Every structure is written in structure tokens, then in C-alpha cells.
Amino acid sequence: EKGGYETFMLKEMYEQADALADTIFDRVARGDGVDLDEEGALDEAILSRARRIVIVACGTSYHAGLIGRYAIETWARLPVEIDIASEYRYRDPVVGPGDLVIGITQSGETADTLAAMRLARERGATVLAVTNVMGSQATRDADGVLFTRAGLEIGVAATKTFTCQVAVMQLLALRLAELRGCLPAERIAELVAGIRRLPSAVAEALERLGPAVDTLAERWWQGDFFLYLGRHVGLPVALEGALKLKEISYISTDAYAAGEMKHGPIALLDEMTPVICVATDSPVLDKVVSNMQEVRARGAHVIAITTEGNDQIAHHAEAILPVPRTDWMLQPILAVLPLQLLAYGIARRRGLNVDQPRNLAKTVTVE
Ligand code: F6R
């Protein structure tokens with residue numbers, strides 16, 4: 001059942017190219033645009049009516065939502081609010097008609113996410129579920145559904161469902177942009193082409209990253225604290241990398257917006273600290289590089305996720321993990337891969353059961 005892999009998590013990480021292909025391809029089959037109602041589970045009229053987007057989710061799904069926010073704001077020019085479902089449901093949120101509330105939940109059964117979706121619906125909002133499980137409660141509680149088609153995920157740590165959630169949010173953002181006439185046709189075509197290339201880019205990345213990740217896991221597996229930094233779409237990648245490491249290796253991690261480092265977390269740095277920086281090509285790369293210099297000036301160790309072909313960043317880092325180039329808004333799907341693999345390599349070296357980490361459940365049906 002593990003198909004020759006030592007764990008489900010490893011198998012599921014390596015399934016990401018296929019899972020993405022299944023999630024993406026027939027939604028971009030009609031040439032240069034996006035089609036989201038091919039399953040009859042989503043009436044696109046609910047997208048056209050949206051005046052504001054609210055995203056609610058927990059854990060890894062929340063990180064996918066954060067990436068979705070950048071795409072929706074940038075491409076579709078709609079205001080987006082996002083909150084952790086367990087916070088949203090108890091804060092008496094301002095929500096109602098005109099709002100499209102998107103609950104992202106792999107299992108479709110997370111109690112807090114379902115409660116946040118129900119609350120929004122009671123107040124007159126339209127609710128869309130992004131889920132991996134057909135027939136799950138989220139599909140019944142929503143006005144429309146977008147499925148990730150990652151296949152069953154057994155490892156407790158979300159991997160392939162995360163990259164597929166990000167892809168769905170990007171497709172949704174692009175469809176919203178089309179419906180609202182926000183992007184020139186050429187730009188849409190370019191982004192669609194970029195999305196189509198993601199599965200093969202993921203396959204390439206997974207193939208190439210192994211040796212560099214192994215070297216780093218070997219060097220750092222006994223570490224007791226890791227800091228993760230990123231900006232813009234690199235920030236949710238940092239948050240997700242930090243969550244992966246802490247949940248399967250039980251190592252303490254922190255993830256911060258790189259610009260916030262000097263407002264507190266810089267005090268944590270010393271000669272023992274590995275700092276993982278998401279430093280892929282983007283308009284904010286120079287800013288990330290300055291933060292990397294600040295980290296090094298404190299004697300800490302920079303491990304940078306970079307874009308293949310950018311040889312400059314290596315001068316500012318002790319180690320680099322390059323991923324294939326894509327449009328910078330699409331980069332998270334690739335940039336998260338080395339962080340998943342690194343967390344895995346470290347946890348395995350510590351002799352831990354990565355498929356069933358202590359204290360965690362795959363589906364959280366109680367709040
Ligand atoms: C982390 C992880 C959890 C889930 C969270 C939400 O690897 O798996 O943080 O993402 O429990 O679960 P769903 O997406 O099923 O609502």
C-alpha cells in the first residue's frame with residue numbers, strides 16, 4: 001500500500017506531481033482560460049456576485065489560504081480577509097450578503113472550519129468549500145465545492161493536499177480575475193501556461209532536491225530550534241515549512257515575516273541557529289537578502305530556498321535548495337517541496353514515526 005516507499009508521507013510527497021496534474025489539467029483544458037464548474041459542483045454565478053472574499057481554515061489549509069489571498073487580491077482585485085477558523089467563529093465577524101466565504105479543509109470534517117462556514121452562511125454569505133473528500137460534511141454545508149484531487153492522504157502531515165489546495169486557490173483567483181475582467185487576456189494565458197507546467201516542475205524539483213536535502217538533514221537533525229523567514233507568498237511557505245518540521249520532528253520552530261525579524265525574533269539568533277529563508281526570485285527578493293545578511297551578522301546559519309539559475313543568492317547563504325523557475329506568484333508550490341523533504345529527513349534521522357506523530361489526529365472533528 002506504500003508502493004515501495006518507507007512511509008506514507010514519503011509516498012505522498014512524491015505523488016505531488018500526479019496529484020497536481022489531476023487537480024489542474026481539466027480545469028485549464030479549454031485553451032487559455034480557467035473552467036471551474038466542470039463537475040457541476042460550482043455555479044460560477046456565485047463567483048461573479050462576490051464583492052469580498054473571506055477565507056477560513058486551520059493549520060496547513062490556513063497556509064494555503066494565505067497564498068490564495070495574494071493571488072485573489074493581485075489578480076482579481078477583490079478584498080480578501082482570512083482568519084483561523086477557531087478565531088473567526090468566536091469573534092462575531094462582520095459578514096453577510098455579497099461575501100463569498102471559502103472554507104479550506106482537506107478532510108472536509110474539521111469542526112472549527114465547518115462552524116465558521118455555517119456561521120457565515122447563517123448571516124447571509126455564500127459559502128464555498130475547498131476540500132479533498134467527496135461527500136464530506138463541508139461539501140454538504142456549502143453552496144459550491146471545489147475539489148482538490150490529491151487522492152487519499154494517510155500521513156498525518158498534509159503534503160500533497162497542501163500543494164493541491166494552493167493550485168485550486170490560484171485557479172480560483174485566475175477565474176475570478178477573468179470574470180471580473182481584471183487581467184489582460186495575454187497575462188491570463190501566461191499564468192495558465194505557468195500553472196500547466198507546475199506538475200512537471202514539481203516532478204523535476206523532487207528528483208533534483210534529494211542530495212542537497214540529505215546533506216542538510218544530516219548536518220542539522222540534532223538542532224533544537226529552527227527559524228523560518230519569508231516575505232509575500234514566501235511567508236506562508238515559511239509558516240508551512242515550520243509547521244511541517246515541528247509536527248513530525250518535535251523540534252521547536254518559529255516562522256516570521258522577514259521584515260518583522262528585527263522587532264523581536266532576532267534576539268533568538270546565535271551561532272547554533274539554522275534560519276531557513278525563502279529567497280526565490282520575486283520583487284521582494286532584495287529585501288529578503290538584506291534580512292539574510294542580518295541573520296549572518298549574528299553568526300546564525302542561512303539555508304536559502306532559491307530559484308534555479310539565480311547564482312547570486314548562494315553568496316548570502318551557507319546552503320541553498322534551488323527549485324525550478326515559475327511565475328513568482330506560483331512559486332509556493334515549488335518552494336515548499338524542499339521544506340517538506342527537509343522536515344522528513346530530519347524526523348526520520350531522529351527515529352520518529354512521521355506518519356503518526358504524537359498527539360496529532362488526521363481529522364480534527366472536535367474543537
Ligand atoms: C498539518 C495538518 C493540519 C491540518 C489541519 C486542518 O500537516 O495536517 O494542520 O491542516 O488540521 O485540517 P483540514 O484541512 O482537514 O481541515
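Since the model is a prediction, treat every value here as computed from it, not as a measurement. In each ligand, atom 1 is the first atom listed, and ligand 1 is the first ligand listed. In this chain, residues are counted from 1 in sequence order.
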Relative to Y250, does R358 satisfy both conditions: NZ or CZ under 6.0 angstrom from the six-membered ring centre, and within 45 degrees of the ring's axis? yes

With a cut-off of 4.0 Å, which atoms of ligand 1 are near a heavy atom of [X]?
X: K244; answer: 1 (C), 7 (O)
X: A157; answer: 7 (O)
X: A158; answer: 7 (O), 8 (O)
X: Q106; answer: 13 (P), 14 (O), 15 (O), 16 (O)

List the closest protein heavy-atom neighbour of [atom]: residue, atom name, distance to the nearest 0.1 Å.
atom: atom 7 (O) of ligand 1; result: E247 OE2, 2.5 Å
atom: atom 16 (O) of ligand 1; result: T110 OG1, 2.5 Å
atom: atom 15 (O) of ligand 1; result: S107 OG, 2.7 Å
atom: atom 8 (O) of ligand 1; result: V156 O, 3.3 Å
atom: atom 14 (O) of ligand 1; result: S61 OG, 2.5 Å
atom: atom 4 (C) of ligand 1; result: T60 N, 4.0 Å
atom: atom 11 (O) of ligand 1; result: V364 CG2, 4.1 Å
atom: atom 5 (C) of ligand 1; result: C58 O, 3.7 Å

Would E109 count as a contact of ligand 1 if the rule is a heavy atom under 4.0 Å away?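 False for this residue.
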
Residue of the set L285, I313, T307, L334 for which side chain to side chain contact (heavy atoms under 4.5 Å, CB included) holds with T280: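 Going through the options one by one, the only one that passes is T307.
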
Among E15, K11, Q106, which residue meets the side chain to side chain contact (heavy atoms under 4.5 Å, CB included) test with K160?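 Passing option: E15.
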
Side-chain heavy atoms of K244 within contact of T60, under 4.5 Å: yes

Side chains of E218 and R349 in contact at under 4.5 Å (non-hydrogen atoms): yes

Say whether Q340 and E240, considering side chains only, have a donor N or O and an acceptor N or O under 3.5 Å apart.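 No, because no side-chain N or O of Q340 sits under 3.5 Å from a partner of the opposite role on E240.
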
Can you confirm whether the side chains of D141 and Q137 place a donor and an acceptor under 3.5 Å from each other? yes

Validation row, ring centre H232 to ring centre Y70 under 6.0 Å: yes

Do NZ/NE/NH1/NH2 and the carboxylate oxygens of R298 and E294 come within less than 4.0 Å?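 No, R298 and E294 are not salt-bridged.
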
